[in-house]
Amino acid sequence: MTDFFLKRLSFNIVANDFTVAGKSSSAIKNFLKSMGLEASVVRRIAIISYEAEINIVIHSYGGKLHCDLYEDKITIISEDTGPGIANIDLALTEGYSTAPESVRELGFGAGMGLPNMKNYSDDFEIKSSSEGTFIKISVFV
Amino acid sequence: MIISEFAKQLNLNPLFESSKNINVEGVYIGDLLSIVMSKAKQNFVWITIQTHINIVAVAELLELSCIIVVENMEVELETVNKAKELDIPILKTNKSAYEVACMLHDSGIK
């Protein structure tokens, strides 16, 4: 039996609010831990959801983060309204960043956000236009 | 180990001492949050010069032992408050990342 859907957690992510950035990822992590998922899977999802959440905070006008729990996988969906990604191939290159200097000084904008999401996933899908970005990432359990 | 003992042993200034026991299984030094997210692991000590509130979110997500802010960087009050809220020990020192890493190594953390 594959793709058997069990539950969805959803969070609103506010642009430019670094004081709560990471809170949704933390809620996702704690939920998955409480479900008894393997620590390595929880760690991968924590990395993926944090990067997705931070990207919405830095690069978009705001968006949503969803965590879908299936019988055989965990899927993180990030959807935002915003300027979108001009060149997805470049954005997936390690070290490439369009983050402004003001946030780089705080340790963001290493150019590892999307590469981390892709590297820690088993399935990675991204669509972007001038209206926003949609990313769907799965980790098999 | 109790965090106050750990701080005393390494001569670190605790900005927030959690009452929980910490278990140290490794050390990561880094200032770029995405790289720390990818490389640091549960029960690691994180040495950094970053002081922004989001370092606490990173430490909480990775379940790090504690954050050590080096080079006497001024840590924002909102960062310390967030550390209290999420129960993440945060310590400070005027030493460099290298000096702290050497002290951790000498204390038996390999």
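In what follows, every chain begins at residue 1, and chains take the letters A, B, ... in the order their sequences are listed.
Residue A:Asn119: no heavy atom, backbone or side chain, is found under 4.5 Å from chain B. Residue A:Ile54 touches chain B through its side chain alone, counting heavy-atom pairs closer than 4.5 Å.
Criterion: ILVMFWY side-chain heavy atoms under 4.5 Å apart, direct or through other members. Under it, A:Val20 and B:Leu77 are not part of a common hydrophobic cluster. No path of Ile, Leu, Val, Met, Phe, Trp and Tyr side chains, each step under 4.5 Å between heavy atoms, connects A:Tyr120 with A:Phe140, placing them in separate hydrophobic clusters. When the side chains of ILVMFWY residues are joined at heavy-atom separations under 4.5 Å, either directly or via intervening members, A:Met117 and A:Tyr96 end up in two distinct hydrophobic clusters. One hydrophobic cluster, built from ILVMFWY side chains closer than 4.5 Å, holds both A:Phe31 and A:Ile45. In this structure, A:Ile135 is not a member of the same hydrophobic cluster as A:Ile77, with clusters built from ILVMFWY side-chain heavy atoms closer than 4.5 Å.
Side-chain contact between A:Tyr50 and B:Asn54: present, with at least one pair of heavy atoms (C-beta onward) separated by less than 4.5 Å. A heavy-atom distance below 4.5 Å is not found between the side chains of B:His52 and A:Glu105.
Put simply, the side chain of A:Asn116 gets close to the backbone of B:Ser34: a donor and an acceptor are under 3.5 Å apart. Not one N or O on the side chain of A:Arg43 forms a donor-acceptor pair closer than 3.5 Å with the backbone of B:Leu61.
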What's the verdict on side chain to side chain donor-acceptor pair (under 3.5 Å) for B:Glu78 and A:Thr19, showing C-alpha distance, side-chain angles and the deciding distance?
CA-CA 8 Å; B:Glu78 64 175 5; A:Thr19 57; over 6 Å; no

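Remark: B:Leu33 CG to A:Arg104 CZ distance equals 13.0 Å, nearest 0.5 Å. Annotation: the span from B:Lys39 atom NZ to A:Ile47 atom CD1 amounts to 10.0 Å, rounded to 0.5 Å. Rounding to the nearest 0.5 Å places CZ of A:Phe108 at 8.5 Å from CD of B:Gln50.
Between B:Glu63 and A:Lys33 there is a salt bridge, since at least one side-chain N of the basic residue sits less than 4.0 Å from a carboxylate O of the acidic one.
Note: A:Ala110 leads A:Pro115, A:Ala110, A:Ala39 in heavy-atom pairs under 4.5 Å with chain B. Of the listed residues (A:Arg44, A:Met112, A:Lys23), the greatest number of heavy-atom pairs within a distance under 4.5 Å of chain B belongs to A:Met112. Here A:Ser25 is the residue among A:Ser25, A:Gly22, A:Gly113 with the most heavy-atom pairs under 4.5 Å with chain B.
More than 12 heavy atoms of other residues, nucleotides or ligands lie within 6.0 Å of NZ in B:Lys20, so this atom counts as buried by the packing criterion. Taking a 6.0 Å sphere around CG of A:Asp123, one finds it holds more than 12 heavy atoms contributed by other residues, nucleotides or ligands.
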